[in-house]
Structure formats: structure tokens, C-alpha cells
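Report on one structure; see the data block that follows.
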Amino acid sequence: MAEPCDLSVIIPTFNEEENIAAIIDAVDGVLSQNGIHDEILVVDDDSKDRTIPIVREIAGRQENVRLIVRREDHGLSQSVVEGFRSARSDILQVIDADFSHPPDLIPLFYEAIRGGADIAVGSRYTKGGDIEAWPLKRRIISLGATAFGRILFPEITDPVSGFFAVRRQVVDGAPLAPRGYKILMEVLGKGRWRTFVEIPFVFKDREEGASKLRAGTVIDYLRQCGGIVRFSVTRRTGSVWTEWNKVVRFGLVGLSGIFVNMGLLYALTEIAGLYYLVSAAIAIELSIVNNFVLNDVWTFRSIENLKFERKFSRFGSFQAVSMGGLAINMAVLYLLVDIAGAYYLVANLAGILIAFAWNYAINRHYTWVRG
Ligand code: GDD
Ligand code: MN
């Protein structure tokens, strides 16, 4: 049995003869420079090129390198899950073999987990992250996939990243579906985690070999998203469930705001005798205040580190977003009635729904954030 280690680095491979020796070398070099005892697990899907003999040879002389060759159930996610299972340490790092993910950053992931984060996500889409030399078509596909994932995990800017680290307890016992390309989504959707850190990185396209992205990948991806939603709805746990809880609460708060608005409009006009447009302006503003207070103490209560001192700045942001929502509602109403000839009550319903989506998404991203 090898000596205990701090970090298990999992490298999934399929036909990586041009890269594998160099990536093992790079990973090992960075970690030993930083005094981190690592093991490197190459999980290969029975490559047809020289990947297997190359890794065998390295593993023969380097004690901390291991090779797992899989002969059935071919797949990237499956390989990573197998790596999780066979890893010896409590911190698990996943990295591509093709130098798309800079190995120099691994110590940052390691420190993030040691510092208390359950997951460290390498992100191309957070400040400081980027993608180098990707053709427009691939950028668009990737952005589309990422946008979809961000509906499920609004706090994570790059939920489809293949560069991440997790604490073992997050994935231990989690029913990760052994299929698809986006293992991080499975981990986020089904693993037990609370805290995360994002680490910006610049994704470099592979210089050697070819990407294995196939046509079926998109369908796999949609099925995977479906599976994660099903999991969270049936088990009522996981981060997707928590998120949709917030959406429902936000909706209920919005409903309460309609009652506040209508009640005040009536009372101010009929009882206080104000001109109805003046009453309406006051009613709108007070319903915004109502919604803010309820969302702040109820809907988003579970967000960590919401500071009391920042209540006013949250309110300012909510106010601005609400005005935007109002404008969107009116614009949709106008377009559907005057241009498309729809019935105004139906058109208004569409306007409300679109404004709701806007209000939720923007507030979730900018108003109620940690810290
Ligand atoms: N074991 C195994 N089985 N490994 C595989 C398989 C497979 O079926 N397919 C690909 N790999 C390995 C490759 O050898 C490489 O190390 C890594 O997984 C990524 O494969 P690429 O083919 O280079 O993927 P990509 O560049 O298209 O996709 C990257 O970007 C995605 C985000 O857009 C990867 O990093 C993905 O993990 C990431 O989600
Ligand atoms: Mn790649």
C-alpha cells in the first residue's frame, strides 16, 4: 500500500498519447513544488493509441501514478466516477489530459477545499476566466449549454466545467448517473454540498489530438438535466430543490404584492380621496417595499452572509430591477396587443410571466448574493 496522500488527481483519457506523459509530469511537478502529496489516477477508456503503454511505463517507475483501464460502459462521466471510487485521499481533483486546464492552478483548488469549500469550480465565465482560440460555433454551443446549466445552478457561473475539485463526502454515496459528458452537473445536482469557490481560468483549446465532442452529446446533456430535476423533485434535496424553493417563494411574495397594490389603490382612492394615478404610484412603490422585505427575510433567508448593513443597497438594487420588470411588463403588453393583436388580459399574463423571470433572475444574481 502506498503512503497516504493529500490529493487525488483524476485524469480521464481517451486516445491521449500526445499529451498524457506531459500532463502527468506537469501535475506532479506543480504539486511536489507546493509540498502536496498527490496520487495521479489515469482513468482510460481502453484507448486504441499508445496512451495505455505510456501510462503503464510511467506507473512502473512512479509510485504515485496509477492506471485504470475500463473495457465497458465507455464514457467520460463514468470514468470520473470510477476515479472517485478508487481514489485514496479525501480531496478529489479532476482535470483534462489535453492542457485545456492549466495544471498550475491545482494548488488553488486544493487550498480552497482545505479552507472549507465543499466544491472548487474552475470557471471560464467568472471574472478573470476566458476561452482561448475557440471557433464561434463552439463558443455558442458552450454558452447555450452553460446558460441551461445556470438555470439549475444560478450561483455557479460554469456548471459544465471539467476542471474542479470536491471533498470526498460530497460524492460519497451520491447517486451520480453514470452517463453523459458533464460530470460536474451531476455532482452539483446530487452531491451533498453547501459551500463553493470559483477559480477563474483561461481554457486553452487542445493543440494535440481531437476533441471527442459528438452529436449525441447535446441529447445526453438534456437528458442529464432532466435526471437532475427529477432527482431533486422526488427526493426534495440537493441544490436544485433549494433553488426552486426560492423561485416558488419569490412567486408567492409577488402575489402578496398584487394584493398590497390593489388594496392600497382602493383605499387611497376611495377612502383617502387621492387622485387614482397618485394612489397607483404610492401603491406600486409600497408593494415593491412589501416584496423586498418579504424576499429579504423569507425567500432568500438561507443565503449565507447576507449582511444587515447591506440591506439598503439590496433594496436599491431590488427597486431598480422592479422598475425594469415593470417596463418589460408594459412593453410585452404593448407589443402583444398593438402589434400581434392579442387580447389584453392574456397579453398581460405573458407580460407578468416574462417580468417575473427577469425579476427573479436578475435579483438572484445581483441583489441577493453572499456577503
Ligand atoms: N475515460 C474517458 N472516456 N475519457 C474521455 C472520454 C471518454 O469517453 N472522452 C474524453 N475523454 C477525456 C479526454 O481524453 C480529455 O482528457 C478530457 O476527457 C476532455 O475531453 P475533450 O475531448 O478534450 O473535451 P472537450 O475539450 O471537448 O471538453 C472540455 O470542455 C468541457 C466544457 O466545455 C472538457 O473539459 C469537458 O470536461 C468540459 O466539460
Ligand atoms: Mn479538450
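In this text, all values refer to a predicted model and were calculated from it rather than measured experimentally. For this chain, numbers begin at 1 and follow the sequence in order. Ligands are counted one by one from 1 in listed order, and the atoms in each one are counted from 1 as well.
- Neither the backbone nor the side chain of Gln78 has any atom closer than 4.0 Å to an atom of ligand 1 (non-hydrogen atoms only).
- Neither the backbone nor the side chain of Phe163 has a heavy atom within less than 4.0 Å of ligand 1.
- Using a 4.0 Å cut-off to heavy atoms of Ala97, the atoms of ligand 1 that qualify are 15 (C), 16 (O).
- Atoms of ligand 1 lying under 4.0 Å from at least one heavy atom of Lys182, given by number and element, are 31 (C), 32 (C), 33 (O), 38 (C), 39 (O).
- Of all atoms in ligand 1, listed by their number and element, those nearer than 4.0 Å to a heavy atom of His74 are 7 (C), 8 (O).
- For ligand 1, one of its N or O atoms has an N or O atom of Asp45 under 3.5 Å away.
- Through chains of ILVMFWY side-chain contacts below 4.5 Å, Val297 is grouped with Val248, Leu252, Val253, Leu255, Ile258, Met262, Leu294, Trp298.
- Note on ligand 1: Arg124 sits in its first shell, one or more heavy atoms being nearer than 4.0 Å.
- For Met185, no heavy-atom contact with ligand 1 is shorter than 4.0 Å.
- Of all atoms in ligand 1, listed by their number and element, those nearer than 4.0 Å to a heavy atom of His101 are 35 (O).
- Between Arg194 and Asp118 there is no salt bridge, since no side-chain N of the basic residue sits under 4.0 Å from a carboxylate O of the acidic one.
- A donor-acceptor pair shorter than 3.5 Å can be found between the side chains of Asp44 and Ser47.
- Here Ser79 has side-chain heavy atoms under 4.0 Å from ligand 1, and that is the only part of it that gets that close.
- Taking a cut-off of under 4.0 Å to the non-hydrogen atoms of Glu16, the atoms of ligand 1 that pass are 13 (C), 14 (O), 15 (C), 16 (O).
- In this structure, a donor-acceptor pair under 3.5 Å is present between the side chains of Ser79 and Asp45.
- Using modelled atom types, one finds a donor on one side chain and an acceptor on the other under 3.5 Å when comparing Asn19 with Glu16.
- In terms of N/O distances under 3.5 Å, ligand 1 is not approached by Ser100.
- Near Gly75, meaning under 4.0 Å from one of its heavy atoms, ligand 1 places the atoms 3 (N), 7 (C), 8 (O).
- Only the backbone of Val160 comes within 4.0 Å of ligand 1, counting heavy atoms alone; no side-chain atom from C-beta on gets that close.
- Clustering of Ile, Leu, Val, Met, Phe, Trp and Tyr by side-chain heavy atoms under 4.5 Å joins Leu274 with Val260, Leu264, Leu268, Tyr275, Tyr276, Leu277, Val278, Ile282, Leu286.
- A salt bridge does not link Glu155 with Arg150: none of the charged nitrogens is closer than 4.0 Å to a carboxylate oxygen.
- Ligand 1 has a nitrogen or oxygen under 3.5 angstrom from a nitrogen or oxygen of Val43.
- No option in Arg314, Arg310, Lys307 other than Arg314 meets the salt bridge (charged side-chain N to carboxylate O under 4.0 Å, His left out) test with Asp296.
- Contact atoms of ligand 1 toward Asp98: 23 (O) (distance under 4.0 Å to a heavy atom of the residue).
- No side-chain donor-acceptor contact under 3.5 Å links Asn363 and Ser317.
- Remark: among candidates Ile20, Ile10, Leu76, the nearest residue to atom 18 (O) of ligand 1 is Leu76, based on non-hydrogen atoms.
- Test Gln93, Arg66, Glu39 against Ser8 for side chain to side chain donor-acceptor pair (under 3.5 Å) and you get one pass: Glu39.
- The cluster map of Ile, Leu, Val, Met, Phe, Trp and Tyr, joined by side-chain heavy atoms under 4.5 Å apart, puts Val289 and Ile284 in the same cluster.
- Distances from the Mn ion (ligand 2) show that Asp98 has an N/O/S atom below 2.8 Å.
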